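For reference, the structure discussed in these notes is given below.
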Amino acid sequence: MGDVLDGDWWYCLKHNRVEHGAGCPNKQRMGPYPDEATAANALDIAARRNEQWDEQDEAERDS
């Protein structure tokens with residue numbers, strides 16, 4: 001990603017916590033997210049997306 005903006009929120013995978021602005025290297029975190037609450041739900045968001053993609057892959061195989 002490009003430069004980190006002070007308004008960006010991230011979820012740090014190394015420390016399992018939300019970070020605001022500059023923090024751990026981007027390769028160790030998910031985001032950016034628009035707000036703290038969304039960043040706090042990063043793992044749930046990723047899990048839901050993975051489930052949706054798995055369902056789409058399965059539907060494509062079955063068709």
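Not measured: the values here are computed from a predicted model.
Taking NZ of K27 as the start and NZ of K14 as the end, the distance is 10.0 Å to the nearest 0.5 Å. Note that the CZ atom of R49 and the CG atom of D54 stand 14.5 Å from one another [nearest 0.5 Å]. The CG atom of D35 sits 11.5 Å away from the CG atom of D8 when rounded to the nearest 0.5 Å. One finds the CG atom of D62 at 11.0 Å from the CG atom of D57 (value rounded to the nearest 0.5 Å).
Between E19 and C12, the shortest heavy-atom distance links the atoms OE2-CB, 3.4 Å. Across all their heavy atoms, Q28 and C24 have their closest contact at OE1-CB, 3.8 Å. Residues W9 and A39 come closest through the heavy atom pair CB-CB, 3.9 Å.
A donor-acceptor pair is defined here as one N or O able to donate and one able to accept, closer than 3.5 Å; no such pair exists between the side chain of T38 and the backbone of P34. Within the 3.5 Å criterion, the main-chain N or O of Y11 finds no donor-acceptor partner in the side chain of R17.
Using a 4.5 Å cut-off on side-chain heavy atoms (C-beta onward), Y33 and V18 make no contact.
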